[in-house]
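Quick note on labels: first sequence line is chain A, next is B, and so on, each numbered from 1. Owing to the predicted nature of the structure, the values given are computational and were not obtained by experimental measurement.
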There are 4 protein chains.
Amino acid sequence: MTDPGTDKREAILDTALVLFTERGFFGTPTSMISKEAGVATGTLFFYFRTKEDLIDTLYRRVKSEAAQALCRGMESETGTKAKIRRLGFNAVEWGIRYPAKMKFMEQFAHSPFVSTTAHEEGMSHFLFLQDLVKEGILKGEIRDLDPLLLFCMLASSLSGLVDRVSLTDDLTEREELIVQGLDIVWHGLSVHPQTELTHAGSTTKKKRCHDYE
Amino acid sequence: MTDPGTDKREAILDTALVLFTERGFFGTPTSMISKEAGVATGTLFFYFRTKEDLIDTLYRRVKSEAAQALCRGMESETGTKAKIRRLGFNAVEWGIRYPAKMKFMEQFAHSPFVSTTAHEEGMSHFLFLQDLVKEGILKGEIRDLDPLLLFCMLASSLSGLVDRVSLTDDLTEREELIVQGLDIVWHGLSVHPQTELTHAGSTTKKKRCHDYE
Amino acid sequence: MTDPGTDKREAILDTALVLFTERGFFGTPTSMISKEAGVATGTLFFYFRTKEDLIDTLYRRVKSEAAQALCRGMESETGTKAKIRRLGFNAVEWGIRYPAKMKFMEQFAHSPFVSTTAHEEGMSHFLFLQDLVKEGILKGEIRDLDPLLLFCMLASSLSGLVDRVSLTDDLTEREELIVQGLDIVWHGLSVHPQTELTHAGSTTKKKRCHDYE
Amino acid sequence: MTDPGTDKREAILDTALVLFTERGFFGTPTSMISKEAGVATGTLFFYFRTKEDLIDTLYRRVKSEAAQALCRGMESETGTKAKIRRLGFNAVEWGIRYPAKMKFMEQFAHSPFVSTTAHEEGMSHFLFLQDLVKEGILKGEIRDLDPLLLFCMLASSLSGLVDRVSLTDDLTEREELIVQGLDIVWHGLSVHPQTELTHAGSTTKKKRCHDYE
DNA sequence: GATGAATGAGGCTTCATTCAT
DNA sequence: GATGAATGAAGCCTCATTCAT
């Protein structure tokens with residue numbers, strides 16, 4: 001059913017992702033990757049010219065996948081607030097569901113082992129976020145500050161939110177934290193933070209969700 | 001004046017800090033450290049039992065130094081807002097002034113090469129931030145949300161701010177960005193964000209600064 | 001026209017010859033040979049059991065070809081002097097025309113990668129040279145010295161001559177050098193070197209050539 | 001007595017020389033060299049940056065040593081004939097005494113593993129031979145042919161002579177062959193080959209030697 | 001006949017660490 | 001305290017060869 005020629009390549013990529021995040025780039029011998037992936041040492045170097053080529057490919061793939069996850073359902077949202085909320089939910093959901101990929105992105109975001117071109121390509125997937133910010137400013141919904149600053153703080157805040165949410169396994173608590181976190185984010189960025197969430201501490205999820213709409 | 005026997009130790013630590021941030025832990029051979037520091041290979045292992053011992057020592061030192069920098073002038077501030085503002089300024093200033101140390105902290109914050117005890121010791125220096133948040137909540141100045149969430153988002157936001165500020169060399173622009181960034185942070189966390197900055201895009205720095213006081 | 005099944009075999013042999021001389025035996029991966037020859041990796045091992053089998057086949061072929069080139073027109077020459085002159089011209093001409101093959105022979109003449117049997121077979125093609133020397137001795141035209149010594153010095157001298165001639169691209173100069181070189185050789189070997197070339201530096205080719213006849 | 005720090009370096013060089021000539025450059029793993037030399041793998045790379053650095057060093061050393069051996073006693077000889085005779089004896093003697101070094105020079109004379117600068121440096125040691133040839137031409141003792149040609153053929157002839165002499169272990173036969181070979185060389189190069197050796201086949205060594213003087 | 005993905009032993013080199021001086 | 005030659009385990013990568021298609 002699956003392309004047999006691609007199976008090993010995929011196995012290597014999957015294994016490498018986990019090992020790299022657990023042990024770092026230099027901490028993970030290629031021999032360990034191939035052994036864990038169930039292939040021969042040579043096979044790894046058949047699909048990837050070098051160890052760096054492997055991490056580069058991995059980086060591009062994860063970045064692109066993350067960007068796509070962030071966009072999910074975005075087009076059906078209308079206002080900037082709704083879009084940011086959707087973005088935040090997507091981000092947190094993805095970060096929680098794929099902790100290894102999340103960690104991988106954080107760890108290698110500024111890594112010298114990832115080539116400059118891969119870094120740039122990875123960054124390009126997220127340009128739509130800057131557009132989102134700029135659009136919000138034009139619409140008068142987001143404060144008229146440096147767009148790049150808004151983008152940086154939006155991104156880092158979401159990352160901090162994922163960190164916090166990851167600390168608990170309770171789904172209800174998670175939901176609660178996400179709502180709180182996104183509210184903080186929106187308060188920080190928006191022009192009219194008066195329309196803030198007032199029942200942050202409540203447990204009636206449904207209701208809170210309406211506040212966003 | 002200085003203990004001559006400690007000079008070499010210091011030289012090793014200073015050199016290692018720079019090299020580790022530039023090239024990573026595994027990317028920096030101990031031989032390179034000793035050569036750059038102007039000592040023999042054996043000397044490094046006289047002062048530090050292993051390479052990991054060296055990075056551990058470095059980590060403790062930088063973390064402690066960073067924490068101290070964050071606190072500077074904190075005791076003279078009264079309100080929570082003022083304290084957070086002071087904290088933000090301190091953070092950005094330190095991050096800009098010691099980019100190597102900043103990068104070191106980011107890079108090794110979750111590194112497996114730093115021992116667990118060193119990580120814990122490093123973390124303990126920043127507990128006062130959580131106290132600050134809790135105190136703000138009690139005083140009704142910070143929103144009554146999960147304190148750990150507030151802490152995480154405060155920390156990550158400041159980190160994002162430093163990232164953005166580091167992208168420019170223009171001192172005036174930096175000042176502007178810091179003011180904007182801290183304003184966003186405060187808006188996100190505070191109970192009454194109505195007292196917001198309204199002329200963010202203006203060039204009248206002085207005035208904006210007064211808004212904070 | 002040509003057997004399509006043999007085309008690939010020939011392509012492999014041709015490519016291998018060039019690559020082996022350019023890069024040596026160990027410096028030339030079989031994968032490089034097959035790629036340059038435009039065939040798959042497996043194909044090479046269909047025609048040649050091992051890499052050593054390939055070089056063995058190559059060695060036999062080149063040696064045999066070289067021997068044949070040396071003999072060209074030999075039967076029509078009568079005296080020993082004329083035969084040696086013809087031999088010399090043939091040798092230099094072949095060495096100049098097929099530098100890759102020449103280099104190949106020099107390089108693998110004592111190589112352990114070529115099997116002993118191939119070496120012996122290759123050597124056998126040149127036994128006629130020893131016969132030539134012995135015949136010359138019997139006829140009183142070549143000095144009565146150790147025949148094997150005469151053979152060794154004849155061969156090495158011709159090799160040195162090719163080396164020198166290869167250094168220039170000018171055809172006239174080449175011709176001149178060949179004549180001079182063969183004269184030196186003949187002076188060294190012959191019983192009556194009194195009939196020597198006297199106008200070595202002149203440019204009147206034709207005349208000098210007559211001296212040989 | 002001997003410098004202990006240089007012992008290992010020398011052991012590596014000596015071992016490498018033998019192994020390289022026996023098995024070729026690529027056929028000799030560095031691990032084999034270090035094991036045979038009785039040092040650790042790392043030690044080889046402490047003294048030589050790379051495997052190529054090792055062969056380069058070896059090449060320079062052997063070439064320089066060979067050149068020096070060729071010159072031995074040269075200054076006390078007066079005529080060109082005597083000098084060439086001395087040269088020939090020196091060459092053969094050295095080639096016989098150090099067959100590994102001889103083979104090394106032959107094998108790597110055109111090797112791509114030896115750097116261009118090492119090749120040039122090696123060649124420079126033998127420039128005096130060209131001067132010798134030119135001087136002989138000026139004195140009217142050597143034929144007025146292309147000096148570079150004379151040099152090439154002198155060198156290759158001596159090499160062929162060593163090859164032949166190496167085939168026997170009998171000292172008397174060797175002496176005989178050397179005398180014969182040098183006579184052939186001199187006949188080839190000299191202006192007046194009439195003064196040739198006439199008793200080449202005789203066994204009275206002493207006498208033959210006088211013929212040269 | 002022909003292909004090329006897959007194998008795994010083995011090569012070159014690095015580097016943390018030791019220890020005699 | 002300080003040195004640096006010496007060690008050898010381990011890492012990245014190559015490549016001759018096989019085999020299912």
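When the nucleotides F:dG1, E:dT7, F:dT3 are ranked by their closest atom to the side chain of B:Phe46, F:dG1 comes out on top. Nearest to the side-chain atoms of D:Ala40 among the listed nucleotides E:dA16, F:dT7, F:dC12 stands F:dT7.
Distance D:Leu54 CG to E:dG11 P: 16 Å, rounded to the nearest Å. Note: CZ (C:Phe113) to C1' (F:dA16) measures 14 Å, nearest angstrom. Note: CG (C:Asp7) to P (E:dA2) measures 10 Å, nearest angstrom. Put simply, CG on B:Leu44 is 14 Å from C1' on F:dG1, counting in whole angstrom units. Between the P atom of E:dT7 and the CD1 atom of A:Ile33 lies a distance of 16 Å, rounded to the nearest Å. Nucleotide E:dG11 holds its C1' atom 14 Å from the NZ atom of D:Lys35, rounded to whole Å. Atom CZ in D:Phe25 sits roughly 12 Å away from atom C1' in E:dG11 (whole-Å rounding). Protein atom CD1 of A:Ile55 is 12 Å distant from nucleotide atom P of F:dC12, rounded to whole Å.
Of the residues near DNA chain F, C:Phe26 and B:Thr43, the one whose nearest nucleotide (by heavy atom distance) lies more toward the 5' end is B:Thr43. Along DNA chain E, the nucleotide nearest to A:Gly38 and the one nearest to C:Gly38 differ in position, and the one closer to the 5' end is contacted by C:Gly38.
In DNA chain F, the stems built from three or more successive Watson-Crick or G-U pairs (distances below 3.5 Å) are E:2-21 with F:2-21.
Applying the side-chain contact (heavy atoms from CB on, under 4.5 Å) rule to D:Met105 yields the partners D:Val62, D:Lys63, D:Ala66, D:Trp94, D:Phe126; only residues at least two apart in sequence or on another chain are considered. The side-chain hydrogen bond (donor to acceptor under 3.5 Å, both in side chains) test applied to C:Arg61 returns C:Glu10, not counting sequence neighbours. Judged as a side-chain contact (heavy atoms from CB on, under 4.5 Å), and not counting sequence neighbours, the contacts of D:Asp53 are D:Phe48, D:Arg49, D:Thr50, D:Thr57. Annotation: side-chain contact (heavy atoms from CB on, under 4.5 Å) contacts of D:Thr116 (sequence neighbours excluded): D:Glu120. For the side-chain contact (heavy atoms from CB on, under 4.5 Å) test, no residue two or more places apart in sequence or in another chain qualifies with C:Phe46. Among residues two or more places apart in sequence or in another chain, the ring pair (Phe, Tyr, Trp, His ring centres under 6.0 Å) test is passed with B:Phe26 by B:Phe113.
Contact annotation for A:Ser34: no contact, since no heavy-atom pair falls under 4.0 Å across all strands.
A sub-4.0 Å separation between OP1 or OP2 of E:dT7 and a side-chain N or O of A:Lys8 is present.
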Would you tabulate the pairs of protein nitrogen or oxygen atoms and nucleotide nitrogen or oxygen atoms of nucleotides 17-21 of chain F closer than 3.5 angstrom?
from	atom 1	to	atom 2	distance (Å)
F:dT17	OP2	C:Lys51	N	2.9

Name every donor-acceptor pair, under 3.5 Å, that has one atom in a side chain of residues 33-41 of chain C and the other anywhere in the protein, sequence neighbours excluded.
from	atom 1	to	atom 2	distance (Å)
C:Ser34	OG	C:Thr30	O	3.1
C:Ser34	OG	C:Ser31	O	3.0

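Residues B:Lys51 and B:Phe25 meet the side-chain proximity criterion, which asks for heavy atoms closer than 4.5 Å.
Side-chain atoms of C:Asp56 come within 3.5 Å of backbone atoms of C:Ser115 as a donor-acceptor pair (strictly under, hydrogens ignored).
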